[in-house]
Amino acid sequence: MKTLLTQFQTYLNSMTGLQVEGRPLTAAGLPHYLGQAYALYALEIEGRSVLGIALREPEGFQPAQFEKQLPRLLNVSGPVDGYCVIASALSGYVRQRLIARRIPMVIPGRQINWPMLGAVVEPRSSDKPLPVPGDPLKPATQLVILHALNSGETQPVTARALTQTLGYTPMTMSRALDDIEANNLGRVTRVGRERQLDFPDGLPALWQRAQPLMRDPVRDTVRVWKEALPEQALYCAGESALARRTLLAAPNEPVWAIGRHAWKPLAKTLEPIPIPEPGAVQLQLWRYEPGVLASDGVVDPFSLYLNLRETRDERIQMELDAMMEEIHGQRTGPLS
DNA sequence: ATCTACATTCTCCCAACTGT
DNA sequence: ACAGTTGGGAGAATGTAGAT
C-alpha cells in the first residue's frame with residue numbers, strides 16, 4: 001500500500017494540476033507527544049514551501065487543540081508559506097470544525113479544503129513584498145540590466161561581482177535578481193551557494209523586453225552654477241550627450257548628470273537659478289550612479305535613450321534613433 | 001553567499017496654507 | 001477663487017544585523 005505522502009501527492013496533483021514535491025521531516029526538537037500524534041512533511045507546491053501535517057491517529061484528532069499546537073509544529077519546519085493537515089479519514093464532524101476554523105485540509109481520494117491554494121496560506125502574514133511582474137524596475141535592477149547591455153557581456157555574472165561593479169550592497173543585488181526573475185528578463189541559476197545571472201535570449205531581446213519596464217534615469221533637473229559643482233562627479237548628459245555622440249548641435253545650456261551620493265551634500269548649499277544665465281547649467285539628478293555606465297565622461301547611450309525618448313523634438317528623435325541603430329549594428333553587424 | 005526581518009533614508013504626492 | 005508653496009505621511013528603495 002502506498003504511503004499517505006504519495007497518496008497526497010498524486011491526489012492533489014490530479015485534482016489541481018499543481019506540481020507537488022514532498023519528503024518526510026525529521027522532527028528534531030519536537031516534544032514526544034507531538035511526534036506521536038503527527039508526521040511532518042516538507043512539501044514544495046509550485047515553488048511554495050508548505051508544511052504537511054499528517055495525522056497518525058485521525059480518531060483522536062481535536063481541531064481546537066491542534067490550533068494551540070500549530071506554532072510548535074511550524075517551529076520545526078522553519079519559515080514556510082503555509083501548512084496543511086493531511087489525514088486518511090476524518091469524521092464529518094471534525095471536517096466541519098476544520099472548515100470553520102479555516103484550517104487547510106486534504107483527505108487523499110476524498111476531499112480538499114484549502115481555500116487559498118495557489119495564494120499564500122499564511123501561517124503568519126509574510127510582509128515581504130514580492131516583485132510584481134510588470135511594475136517599473138527598481139533603479140538597482142535597471143542598472144544591472146543596463147550594465148549588461150552596455151558591456152555587451154553575455155557570460156553569467158555572479159551577484160558578488162555585480163556588488164563590486166555597481167556599488168550596491170549584496171542584499172540589493174539579491175533583490176535585483178529577484179526582480180529580473182519575476183519579470184522573466186534573464187536566467188538566474190544557482191551554482192553552489194552563488195546565484196548567477198545571464199541572458200540566454202541575447203541582449204537585443206533583453207533591451208526590447210526591458211525597455212517598457214524601465215524609467216527615465218533622471219529624477220529631477222535643476223539649474224545651478226557650473227563652477228559650484230565638483231568636476232569629477234559630473235557626466236555629460238541629455239542633449240549635450242546626444243550632441244557628443246551624434247551630429248546634433250549642442251544645446252544652449254549644457255546638461256550634466258550627477259548621482260545621488262555626490263548630490264546629497266550639494267543639495268543644501270546650492271541655490272537654484274530660475275532663468276538661463278551664462279555660466280549656469282542644467283543638472284540632472286539621477287536615480288542611479290551615472291558614472292558606472294559612462295564612458296569618456298559621457299552618460300551611456302541606453303540611459304540617454306531612456307532620458308530623451310519622450311521628447312517631442314523631431315531632430316532629437318531622429319538622432320536618438322540613429323544612435324540606437326548604430327549600437328544595434330555594432331552588436332550584430334560585422335559577424336552576422 | 002544569501003536570506004529574513006527590521007531600520008533608515010529617500011521620493012512622491014496631496015492637502016492645507018499663503019499671498020494675490 | 002486661484003496659483004504656488006510647504007510640510008507631512010505613506011510607500012519605495014536601500015541598508016544593517018544576524019541566522020543559516
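Naming: A, B, ... by sequence-line order, numbering from 1 per chain.
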**Q.** dT2(B) phosphate, OP1 or OP2, under 4.0 Å from Arg193(A) side-chain N/O
**A.** no
Q | NZ/NE/NH1/NH2 to OD/OE distance under 4.0 Å, Arg195(A) and Asp178(A) | A | yes
Q. How are the rings of Tyr83(A) and Phe66(A) set to each other: parallel, tilted or perpendicular (split at 30° and 60°)?
A. tilted
Q: Find the distance Lys138(A):NZ to dG15(C):C1' and express it as a whole number of Å.
A: 13 Å
Q) What's the closest nucleotide to the Thr169(A) side chain, out of dA13(C), dC3(B), dT16(C)? A) dT16(C)
(Q) Using whole Å, what does the distance between atom C1' of nucleotide dT14(C) and atom CD of Gln142(A) come to? (A) 16 Å
Q) Which letter, B, S or -, goes with each nucleotide of nucleotides 8-15 of chain B from 5' to 3', with contact meaning a protein heavy atom under 4.0 Å? A) --SSS---
Q: Could you tell me whether Glu326(A) and Arg245(A) make a salt bridge, using a distance below 4.0 angstrom between a side-chain N and a carboxylate O?
A: no
Q.
In this structure, how many angstroms lie between the P atom of dT2(B) and the CG atom of Asp178(A), rounded?
A. 11 Å
Q. Around atom CZ of Arg23(A), are there more than 12 heavy atoms of other residues, nucleotides or ligands at under 6.0 Å?
A. no
Q.
Counting only side-chain nitrogens and oxygens, does Thr172(A) get under 4.0 Å of the OP1 or OP2 atom of dG15(C)?
A. yes
Q: Just do the salt bridge (Lys or Arg N to Asp or Glu O under 4.0 Å) check on Arg244(A) and Asp296(A) with the steps written out, would you?
A: CA-CA 10 Å; Arg244(A) 286 278 292 272; Asp296(A) 297 329; over 6 Å; no
(Q) Just checking Gln208(A): does its CD atom have more than 12 heavy atoms from other residues, nucleotides or ligands closer to it than 6.0 angstrom? (A) no
(Q) I need the CZ-P distance between Arg175(A) and dT4(B), as an integer number of Å. (A) 10 Å
Q: Tell me which nucleotide among dG15(C), dA13(C), dC3(B) gets nearest to the side chain of Arg190(A).
A: dC3(B)
Q: Measure the distance from CG on Leu143(A) to P on dA13(C) and round it to the nearest whole Å.
A: 14 Å
Q.
Can you see if the side chain of Tyr168(A) gets near the phosphate of dT14(C) - specifically, an N or O under 4.0 Å from OP1 or OP2?
A. yes
Q | Nearest-Å distance for atom pair CE/P, residues Met171(A) and dT16(C) | A | 12 Å
Q.
Is it the case that over 12 heavy atoms from other parts of the model lie below 6.0 angstrom from the CD atom of Glu314(A)?
A. no
